Number of protein chains: 2
Amino acid sequence: MDIKTVCAGLLTFGEASGYEIKKLFEDGTFSGVYDASFGSIYPALTRLAEEGHVLCRAEEQQGRPDKKVYSLTPKGRAHFIAELSRGIQPDKVRSEFAIATIFAHLLPRAVIAAYIDQQIEEHRAALARLDLAECDPSSAMTNLRFAIGFGRVQLNAAIDYLESHRGMLEASAVPPDDEAVAVSGVKHA
Amino acid sequence: MDIKTVCAGLLTFGEASGYEIKKLFEDGTFSGVYDASFGSIYPALTRLAEEGHVLCRAEEQQGRPDKKVYSLTPKGRAHFIAELSRGIQPDKVRSEFAIATIFAHLLPRAVIAAYIDQQIEEHRAALARLDLAECDPSSAMTNLRFAIGFGRVQLNAAIDYLESHRGMLEASAVPPDDEAVAVSGVKHA
DNA sequence: ACTGGCATGTAATTTGTTACATGATTGT
DNA sequence: ACAATCATGTAACAAATTACATGCCAGT
């Protein structure tokens, strides 16, 4: 599924500008499941407009550049539904944290501890975003509540595990007085 | 973290060929947290060799092309540890399944049901891979058991939620006799 | 004064995938 | 016969990020 399709999907919930779509990827409905930069979003919206999948209306603003508000056309809506019905790819995950755990026996204990703290904080922030999303009236739909609950159980499972098992990982790591050993692989007298 | 670094990391566990590294991304230690194609792995190994981070030894084989077995040099090992200690990026997830749930109210019920089945099966397969990884003697290390347990709790949380709440999502979807409505947005008499 | 939010867009670069090219062996 | 596994590598292509370019307004 390409960015064009995802942008079209967001527009089924109502019109939005490129800037607003970026914010939705960051803290809104899509945070944690998709992300894209301005360099992807703006060209995607331009191409969607060329294809007649969206309409673009320039909204004048004081001082700031015109806001370009995009709205989905019936054709765009039908195309989005068809695309999403065609099949989905397996989840793609790239977790540098998980990689760090796999090599924890090579890393200084302080580094591992900091990474665990960081990971827990990120998951807590993600949970807070879900709480906010739940308050939004648009989340009245059952499927959105499903999606929020789904994110929640996974984040909670991860946080619980990290908190209750972090000692295991910290014990595997290189003790503070032994860091040179880890790098050289040789213990000197 | 780039592919070169990840390949170097895998080589801390012992020498391997490009082909074997690919398999490790698919079913081994890294399945579920990282993935890369041959088109990324082979050039990465070539560059690691140019930089002196790995050594390459050609192993002759009958019929098949020579197997190029790479092993990490002390310099490569030190560089890997330094890189991994420098900091990690937040997890990156791209879940088309999660996107489908967000738009479940636009999709035919049969499509949603199939996607849920597919997702559960993928997670079960991932669990089976973790079970295999645990049997491997190299997984005796505490940090690897931590990593396996971490994957396990998240996968189990996801499967449990999907099984117990799938009715919610299926109820949101478009009933079988109503699909034209979803696309056109208009209900005809 | 400076940072951060609002707002768009392009160009250069990076990154990575897919497809192609080759070829023997083993299992169905 | 045919598909799959083993095994490497390149070239073409696609996707996406980063950095650049511009500029106002509000808050500290």
Side-chain angles (χ1 to χ4, degrees), chain A residues 1-8 10-11 15-28 30 33-51 54 56-70 83 89-96 99, chain B residues 1-8 10-11 15-28 30 33-50 54-70 83 89-96 99:
Chain A
M1 189 151 35
D2 56 17
I3 292 187
K4 277 195 313 186
T5 307
V6 180
C7 289
L10 282 179
L11 294 175
E15 52 180 34
S17 66
Y19 193 85
E20 287 161 352
I21 287 175
K22 172 78 169 124
K23 277 194 303 181
L24 287 171
F25 285 146
E26 276 164 10
D27 352 278
F30 275 56
V33 302
Y34 205 93
D35 194 25
S37 61
F38 288 125
S40 305
I41 294 167
Y42 286 124
L45 289 170
T46 304
R47 264 171 273 138
L48 280 170
E50 283 164 8
E51 295 162 0
V54 300
C56 177
R57 166 173 62 79
E59 206 169 78
E60 279 180 54
Q61 296 193 128
Q62 344 75 300
R64 293 175 199 167
D66 281 6
K67 189 192 229 179
K68 290 194 179 174
V69 179
Y70 294 89
E83 276 297 304
Q89 292 302 121
D91 291 354
K92 265 166 202 158
V93 179
R94 182 150 301 187
S95 173
E96 298 200 356
I99 292 174
Chain B
M1 191 153 30
D2 57 16
I3 293 187
K4 278 195 312 186
T5 307
V6 180
C7 289
L10 282 179
L11 294 175
E15 52 181 33
S17 67
Y19 193 85
E20 287 161 352
I21 287 175
K22 172 79 168 121
K23 277 195 303 181
L24 288 171
F25 285 147
E26 275 163 13
D27 351 279
F30 275 58
V33 302
Y34 206 91
D35 194 24
S37 61
F38 287 126
S40 305
I41 294 166
Y42 286 125
L45 289 170
T46 304
R47 264 171 272 137
L48 280 171
E50 284 164 8
V54 301
L55 293 176
C56 177
R57 168 172 62 80
E59 207 168 78
E60 278 179 53
Q61 295 192 130
Q62 343 77 299
R64 294 177 198 164
D66 282 6
K67 188 192 229 178
K68 290 196 179 172
V69 181
Y70 294 88
E83 276 296 304
Q89 292 302 120
D91 291 355
K92 265 167 201 157
V93 179
R94 182 150 303 186
S95 172
E96 299 200 356
I99 293 173

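We name chains A, B, ... by the order of the sequence lines, and we start the count at 1 in each one. Values below: all heavy atoms of this structure, side chains included; hydrogens, waters and symmetry mates excluded. All of these numbers come straight from a predicted model, not from anything done at the bench.
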Min side-chain heavy-atom separation A:Y34-B:I99 under 4.5 Å: yes
Side-chain touch A:F25/A:I41, heavy atoms, less than 4.5 angstrom: yes
Side-chain N,O ([X]) to OP1/OP2 ([N]) below 4.0 Å:
X	N	result
A:R94	C:dG16	yes
B:Y19	D:dT8	no
B:S17	D:dT8	yes
A:S40	D:dA15	no
B:S37	C:dT17	yes

What's the [atom1]-[atom2] distance between [X] and [N], to the nearest Å?
X	N	atom1	atom2	answer
B:I41	D:dG9	CD1	P	12 Å
A:K4	D:dA15	NZ	P	9 Å
A:R47	C:dT10	CZ	P	11 Å
B:F38	D:dC6	CZ	P	9 Å

Among [options], which nucleotide sits nearest the side chain of [X]?
X	options	result
B:K68	C:dC6, D:dT8, C:dT8	D:dT8
B:Y34	C:dT10, C:dT8, C:dG16	C:dG16
A:Y42	D:dT10, D:dT17, C:dA7	C:dA7

Donor-acceptor check, side chain of [X] to backbone of [Y], threshold 3.5 angstrom: yes or no?
X	Y	result
B:E96	A:M1	yes
B:E15	B:V69	no
A:R47	A:Y42	no
A:E51	A:L48	no

Axis deviation across the helix from C:dA1-D:dT28 to C:dT28-D:dA1, five-pair ends, to the nearest 10°: 40°
Residues that B:T46 engages under side chain to side chain donor-acceptor pair (under 3.5 Å), provided they are two or more places apart: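 Once residues adjacent in sequence are excluded, B:T46 has no partner under the side chain to side chain donor-acceptor pair (under 3.5 Å) criterion.
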